[in-house]
Structures are given as C-alpha cells and as structure tokens.
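For reference, the structure is listed below as structure tokens.
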Protein chains: 2
Amino acid sequence: MHTIGRVSEMFGLPISTLRYYDKEGLFPSLQRRSGIRQFGETEIEALRVIECLKASGLEIKDIKRFMQLCAEGPSTYAQRRKMFEARKAAVEAEMCRLQKTLDMLSFKCWYYETAIEDGSEDRLKSMIPDGLPVEIKRLYDNARS
Amino acid sequence: MHTIGRVSEMFGLPISTLRYYDKEGLFPSLQRRSGIRQFGETEIEALRVIECLKASGLEIKDIKRFMQLCAEGPSTYAQRRKMFEARKAAVEAEMCRLQKTLDMLSFKCWYYETAIEDGSEDRLKSMIPDGLPVEIKRLYDNARS
DNA sequence: ATAACACATGAACTTAACTTTAGGTCAAGT
DNA sequence: ACTTGACCTAAAGTTAAGTTCATGTGTTAT
C-alpha cells in the first residue's frame, strides 16, 4: 500500500491531481485508514490505464465510466473491450490528422528555407497559381521525389 | 474579398470563432468597409496556416505572434522558419507518444478478447509476474511475432 | 414602410482539468 | 510542549478557446 505522496512521485503527478481523480470517482475501490487514502495495486494499475486513456483523448467522466465497469466484474468485459477498440480508432484517426499536419509543416519549413535562400518570397509566390497551397505542396512533393 | 459568412462556410468554422480570432489579433492586416470585415486572399491563407498551427498544438497567442512576424516582412523569415521547425518537432514527439498509447490500447484490446474467450481474467492475471503490465505487454508482443 | 437578414459590438457565460487557498488532523522528532 | 511534515477537506480560482446574449446598424425584398 502506498500513500498519496509516494504515488505522486511514482507517476510524476501532483498530489492535487490524484485527489482530484479520486473526487471524480476514478478509484471506485480506493480504501482509507483513518481518513488517509491507501493506494493498492488496483489503484496503481488504474492509474496506468488512466494515463493511457487520457493520452488517447478520453475525458475524465468517461474514464470514470470505465473504472466503474471494471468494478462491476466479468459481465462488462465486452463493454470494456469495445471502449478500447473505440479509443484505438480515435488515436489512429488522430495520428492520420497529425501526419497531414506534419506534411504541411514540412512544406512550410521548405518554403522558408527557400525564401531565405532567395531573399524574398517572390519566386515562391510566382509558383502559386491562385493562392492554392495544396497545389504548391504537390510541386514540393514532386521536387522531393 | 469575402464576407465573414462566406469564410465561415469555406472553412467550416463558426462566425463567432472568426470574430474571436480577429479579436485575438490573428488577422493583423484585415481591412474593413463601413465596419464590415473584408477577408482577402491574405486572410484566407492566414486561416489555412492557423488551422495547421492549431492542429500542431500551438496556442492562439503564439499563432498571433507568428501572424505578426508575417506582417513584418522578409526580415522575419528566419524566425518563421524556426517556428515551423519547432512545431514539426512537437508534432513528431506527439506522434511518438500516440504510438506508445496505441500499443497499450492494442494490448488492452487483446487482453479483453482473451478475457472474453476465457470467461475470466484468471489466466491473464496469472501471466503477470507482479502487477507489471510492461512485462505482460512484452509477452503479448512476443506472441504476435 | 416594414420586415428580414447579414453584419457589428461588448460582456457575460461555458467547459475541462486542474490548482490554489484556507483551515484542520495527526504522528514523530527535539 | 511544540514544531515539522504529511495527510485531509471544501470552496474558490485559473486557463484556453471559444460561445452566447443583448443590443444595434445597414441593405435588400415585399
């Protein structure tokens, strides 16, 4: 069993955050001894899942829902699995979005490299047909390949 | 030149958001005619960059800073390039983080698939040495390869 | 003329996820 | 005895990025 201070160090999370999570119902089976929280293996594992679900973009109230499912036992396995499948899909979608963002950022890096070499954006701008960065991006991609 | 309503449709952004962006200084050279905003090609391109920088996780106040650099002319090319390089690095880091999250989510999907097949988590839990999902994840990865 | 519409403003409101503050308990060391 | 340190609570404050509201203006269709 760990105290809140130890758990705080273990996870690099402020104590206030752990108390906040508890208040929000993220540790449904957290025990106390004379008012003091006793973080057991259940809560440690819960925190690992919380970190994962948070990183996946899930809100606290939905993480709470998941923790409740866990507390309800084997009858909720299917629901829990579905939840993870949904999170997986969400993260995959986010990664696609970020890849597109990354492409645009790479293009912009190239754009300013070129502008610095040229000393102006004139040549670059003359390459753009009618304010269509999608098109110039294609030019850029072709130039790279 | 476009009205705020047209731009709203073009980008799928609420009018209130466009006004908010303007108020925050994201269109430093936006013109008006008798009080009404005139969105020109400059602002349209600005919005494309805004969407990109927002997707990269940049805050509005820092996007404003970038737009100000743009309005200052060629002397800020180097700063602008540096900003895009930094954004690129941030997005790459975020994608790494998401990849790790995805790995954990995939593991959890497999975990619950297995738990459903088994009808309980008993076998799975007996595979875990001492509450270390990192270890079981390694077992899982080995099983996959 | 009057109604409808798209535009405008400033100020207040919203939401999520914390953080901070103010005050209190309790055990251990000096 | 007293101070220190780790724990506790409830309530208020914070921040970002908008959204909503109340109110007003100006142009166009009936």
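Values below: every heavy atom of this structure, side chains too, minus hydrogens, waters and symmetry copies. Note on naming: letters A, B, ... go to the chains in the order of the sequence lines (proteins, then strands), and numbering restarts at 1 for each one.
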Revision key, fill the gap. Closest to the side chain of B:Thr17, out of D:dT19, C:dC18, D:dA17, is D:dT19

Review point. Whole Å only: how far is the CD1 atom of B:Ile50 from the P atom of D:dA16?
Key: 17 Å

Review point. In whole angstroms, how far is the P atom of D:dA12 from the NZ atom of A:Lys23?
Key: 12 Å

Check your understanding: Is the shortest side-chain N/O distance from A:Arg33 to OP1 or OP2 of C:dC26 below 4.0 Å?
Key -> no

**Study point:** Atom pair distance, as rounded to whole Å: CG in A:Leu18 and P in D:dT9
**Key:** 13 Å

Point to revise | Evaluation steps, side chain to side chain contact (heavy atoms under 4.5 Å, CB included), between B:Glu121 and B:Tyr111 | key: CA-CA 9 Å; B:Glu121 286 163 274; B:Tyr111 182 95; 2.8 Å; yes

Review point. Has B:Ser16 got a side-chain N or O lying under 4.0 Å from the OP1 or OP2 atom of D:dG18?
Key: no

Practice item. Using a cut-off of strictly less than 4.0 Å, decide whether B:Lys54 has a side-chain nitrogen or oxygen near OP1 or OP2 of D:dG18. Key: yes

Check your understanding: Does NZ or CZ of A:Lys23 fall inside the cone over A:Tyr20's six-membered ring, less than 6.0 Å from its centre and within 45° of the axis?
Key -> no

Practice item. For the side chain of B:Glu59, starting at C-beta, report the closest nucleotide among C:dT9, D:dA16, D:dC8. Key: D:dA16

Check your understanding: Does A:Arg37 have a side-chain nitrogen or oxygen under 4.0 Å from the phosphate oxygens OP1 or OP2 of D:dT9?
Key -> yes

**Study point:** Nearest-nucleotide 5' precedence on DNA chain D, A:Thr3 against B:Ser34
**Key:** A:Thr3

Point to revise | Any donor-acceptor N or O pair under 3.5 Å, side chains B:Asp118, B:Ser120 | key: no

Practice item. Measure the distance from CG on A:Leu30 to P on D:dC7 and round it to the nearest whole Å. Key: 13 Å

Check your understanding: Rounded to whole angstroms, how far apart are CZ on A:Arg32 and C1' on D:dC8?
Key -> 8 Å

Revision key, fill the gap. Ranking C:dA8, D:dA16, D:dT19 by distance to the side chain of B:Pro14, first place goes to D:dT19

Review point. In whole Å, what is the span from the NZ atom of B:Lys64 to the P atom of D:dA16?
Key: 13 Å

Review point. Closer than 4.0 Å, any side-chain N/O of A:Tyr21 to the OP1 or OP2 of C:dC18?
Key: yes

Practice item. Assign the ring pair B:Phe84 / A:Tyr112 to parallel, tilted or perpendicular, where the plane angle (0 to 90°) is split at 30° and 60°. Key: parallel

Exercise for review: Provide, to the nearest angstrom, the distance between the CD1 atom belonging to A:Ile4 and the C1' atom belonging to C:dT19.
Suggested key: 14 Å

Review point. Is there a donor-acceptor pair under 3.5 Å between the side chain of B:Glu45 and the backbone N or O of B:Thr42?
Key: no

Study note, to complete from the structure: When rounded to whole Å, the CG to P distance for the pair B:Leu53 and D:dA16 reads 17 Å

Review point. Among C:dC7, D:dT9, D:dA16, which nucleotide sits nearest the side chain of B:Ile15?
Key: C:dC7

Practice item. Ignoring backbone atoms, establish whether A:Arg19 has a side-chain N or O less than 4.0 Å from OP1 or OP2 of C:dT20. Key: no

